[in-house]
There are 4 protein chains.
Amino acid sequence: MKGKGSTKEELIFDATLRLVEQVGLSGVSMEAVAKQAKIATGTVYIYFKSKEELLNKLYVTVKLKFYGTISDGLNEDKPFKVLFKKMCNDYLRFFLEYYPETIFLQQFYNSPYVTASTVDATKGLLQPLSELLQRGKTEMLLKEMDTRFMITFLHGTIGQLAGFIRDQPVQKTYTDQVWTICWDALKL
Amino acid sequence: MKGKGSTKEELIFDATLRLVEQVGLSGVSMEAVAKQAKIATGTVYIYFKSKEELLNKLYVTVKLKFYGTISDGLNEDKPFKVLFKKMCNDYLRFFLEYYPETIFLQQFYNSPYVTASTVDATKGLLQPLSELLQRGKTEMLLKEMDTRFMITFLHGTIGQLAGFIRDQPVQKTYTDQVWTICWDALKL
Amino acid sequence: MKGKGSTKEELIFDATLRLVEQVGLSGVSMEAVAKQAKIATGTVYIYFKSKEELLNKLYVTVKLKFYGTISDGLNEDKPFKVLFKKMCNDYLRFFLEYYPETIFLQQFYNSPYVTASTVDATKGLLQPLSELLQRGKTEMLLKEMDTRFMITFLHGTIGQLAGFIRDQPVQKTYTDQVWTICWDALKL
Amino acid sequence: MKGKGSTKEELIFDATLRLVEQVGLSGVSMEAVAKQAKIATGTVYIYFKSKEELLNKLYVTVKLKFYGTISDGLNEDKPFKVLFKKMCNDYLRFFLEYYPETIFLQQFYNSPYVTASTVDATKGLLQPLSELLQRGKTEMLLKEMDTRFMITFLHGTIGQLAGFIRDQPVQKTYTDQVWTICWDALKL
DNA sequence: CATGAATGAGGGTTCATTCAT
DNA sequence: GATGAATGAACCCTCATTCAT
């Protein structure tokens, strides 16, 4: 009997993420993944029919976990600014907490492995965030701006700042500045 | 003497950038570069002793051109906000105008080819931008924030928004919003 | 006891033949055979200790059925030419009727799977045909020729012509020409 | 300067044929071909972009040599029977002389490597033989039979008998019987 | 300097076979 | 007996780099 959360798929996903962290996406070979997961090369192919499938499924999985994290509680009946702050903090926290996942997310998107269907599959996940921003505009708290533009801004900004913060010895100094900067940028 | 801008090195650089645009960094092989530049494979190795050297030197070159563009006129005797706006616009314009260069910049940074010395070599180039932001803080126009933090913010934000804008049919709608958003984010 | 023709061995044989027809001998993998036979991969190894053994045993089985077909009634008390004609027609009919078997027979013989013992095992099956031809020579109806030479001739000729006929929209035109051609070739 | 007939392509072709003779077509790996030709694996790919291309080009080349051999002198102004005999003998001689080529020809045709274009490319080569047989029918020396049917007969018969003869200690006994048997089979 | 054929290590993938359940 | 996940050797192919011309 396997412990919770240790299916072979997850084993392989974990191995892949660890590898991406260590050597980058391009350093990920199927053999290396197998070795990292302590299984045979061929075993990986039982669960994923190709490297492309492995990476794309991992991407969707991570994106799901990511959007799950930042979407949580976004439609609660609370003042807009409170939810906005929470969202920014969740966003940042995910990036800081799940370093390998973040690295993978960034590197995969500009890799030759991405398939169109994967891009499609992850698009819908932005819905809750999108609705929150809409609400902000309706309440005349946010600028009148293309919502996709705002999302792009948030993603790029927080993602980049997370990378910066991660390298600092004392992170606390910065974490609060992130949501402030985002708020000031978008507020009316 | 060849005409301006047509040394062999530049020929190879151009070929590399065109290739990155077409097939991504991972699709760039030395043979493809040579073919694109219409020279022999071996010739590339006369000018660059390895693929790593070629890419790193190209990176430094592009970064130089990039920071040259955005640093231009930053120390002129003009009101801070004017210079800030100009810098943001130059920043964005570079990303929109030099598409292959931008792609390369982004993809290279997360590749296994980057060497430590390259990262070091490009760090100093931020000086003019850094000084501008310092001035903003001195003039009490910008928030009291780590300058590197601000630079990271600007880079991530503008870079990401440029990518978004590039995909839009009508770009004019967005270009002015970029500097505004950056200003609001950082201003006191 | 299972119903006629449904032992596991036969199930596997059938699956193999169907596969050979669809994808050729080189496309036959043990996993594919198992799937086609709707059993587990490991189960195949209970009945055949290796792929080699499976194929060789199938070969002998098919050859047995084949020679059974063409040997039937060859020693009856009828005029030689009548039996010769019958044999030729049976030969051809088998090739036309049992397509997968024929494909397999041809492809297996030039494969790396054939073992010496299999070749030996099938040699004796030629006895009835051999005796018929001997009789033809004794009755001075056939040329004085090495019997093995004659058998080789018949096999090559009919096999090849069967392949040709199979591809024709109207087969009837040709079937009668086969035995005639063989008769003329060998008759004194 | 290379000696006549020793281009790299021919070197690789030779190596391939030798391998096919030794271990059969399915035993032919690109690495084995390279080793046999005493070159590096990658070198093979300079001359042939894939295993499929290598084998198909070799097939066309061998077929060309083969049909060149048997077509030679077929339209000379000589009695039909003389030419028919010559053709049969050339046919047989090729099979006996170029053993590896023959093995390859047979095994390749039933392999997953054959492409439609290769089959097409070799079809036209039968023209001279086809015309000879037509002439035989016109002169009322051959049976009124589909020419393609006759060609199939000749190919299957001679090919098979060649295989038989090759295994005999004394071959001379049989070589003359081949053309006789073919003649008797097809003559009116 | 310039060329481009040659090299061979390494990557993705398949598949015969084994073995714990 | 039956299962099918697991193994790992072997295969096809790519590409950074070298070197004889």
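Lettering follows sequence order; numbering is per chain, from 1. All values below come from the heavy atoms of this structure, side chains included, with hydrogens, waters and symmetry mates left out.
- Distance from the side chain of A40(D) is smallest for dT7(E) among the nucleotides dT7(E), dA2(E), dG1(F).
- Ring geometry for Y109(A) against Y59(A) counts as tilted: the plane angle lies between 30° and 60°, on a 0 to 90° scale.
- Rounded to a whole Å, the CD1 atom of I12(C) is 15 Å from the C1' atom of dA16(E).
- When distances run from any side-chain atom of I46(C) to the nucleotides dT17(E), dA9(F), dG1(F), the shortest one goes to dG1(F).
- For the pair F48(B) CZ and dC1(E) P, the interatomic distance rounds to 13 Å; values are reported in whole Å.
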Item to check | Strand DNA chain E in bracket notation, Watson-Crick/G-U under 3.5 Å with | for pairs to another chain | outcome: .||||||||||||||||||||
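- Counting any heavy atom pair closer than 4.0 Å across all strands shown, V28(A) reaches sugar-phosphate atoms only and no base atom.
- Residue E9(D) contributes atom CD, which lies 11 Å from atom P of dA5(E) at whole-angstrom precision.
- Residue order along DNA chain F, read from the 5' end via each residue's closest nucleotide, puts G27(D) first among G27(D) and G27(B).
- Remark: side-chain polar atoms of E10(C) are paired, donor with acceptor, to backbone N or O of S6(C) under 3.5 angstrom.
- Between K35(A) atom NZ and dG10(E) atom C1' there is a gap of 12 Å when expressed in whole angstrom units.
- Using modelled atom types, no side-chain atom of N110(A) and backbone atom of Q106(B) make a donor-acceptor pair closer than 3.5 Å.
- Using P as the reference atom, dT21(F) and dC1(E) are 22 Å apart when rounded to the nearest Å.
- Following rounding to the nearest Å, M30(B) (CE) and dT7(E) (C1') show an atom-to-atom distance of 16 Å.
- Heavy-atom distances to DNA chain E give each of S29(C) and I39(B) a nearest nucleotide, and the one nearer the 5′ end belongs to I39(B).
- Here the P atom of nucleotide dA5(E) and the NZ atom of K38(D) are 23 Å apart, to the nearest Å.
- Between the CD atom of E31(B) and the P atom of dT17(F) there is a distance of 14 Å, rounded to whole Å.
- A donor-acceptor pair is defined here as one N or O able to donate and one able to accept, closer than 3.5 Å; no such pair exists between the side chain of K63(D) and the backbone of T118(D).
- Between the P atom of dG4(F) and the NZ atom of K8(A) lies a distance of 16 Å, rounded to the nearest Å.
- Closest to the side chain of K51(A), out of dA6(E), dT13(E), dA16(E), is dT13(E).
- Here Y47(C) reaches the OP1 or OP2 of dA2(F): one of its side-chain N or O atoms lies under 4.0 Å away.
- For F48(D) and F13(D), the distance between ring centers is under 6.0 angstrom.
- Among the heavy atoms of the strands, none lies under 4.0 Å from Y113(C).
- Shortest non-hydrogen contact noted between Q107(B) and L25(B) is OE1-N, 2.8 Å.
- Counting only heavy atoms from C-beta outward, the side chains of F66(B) and E101(B) never approach each other to under 4.5 Å.
- Nearest to the side-chain atoms of Y45(D) among the listed nucleotides dC12(F), dG4(E), dA6(F) stands dC12(F).
- Under the 3.5 Å distance criterion, the side-chain polar atoms of N56(D) are matched with a main-chain donor or acceptor of Y113(D).
- Between T43(B) and T41(A), it is T43(B) whose nearest contact on DNA chain E lies nearer the 5' terminus.
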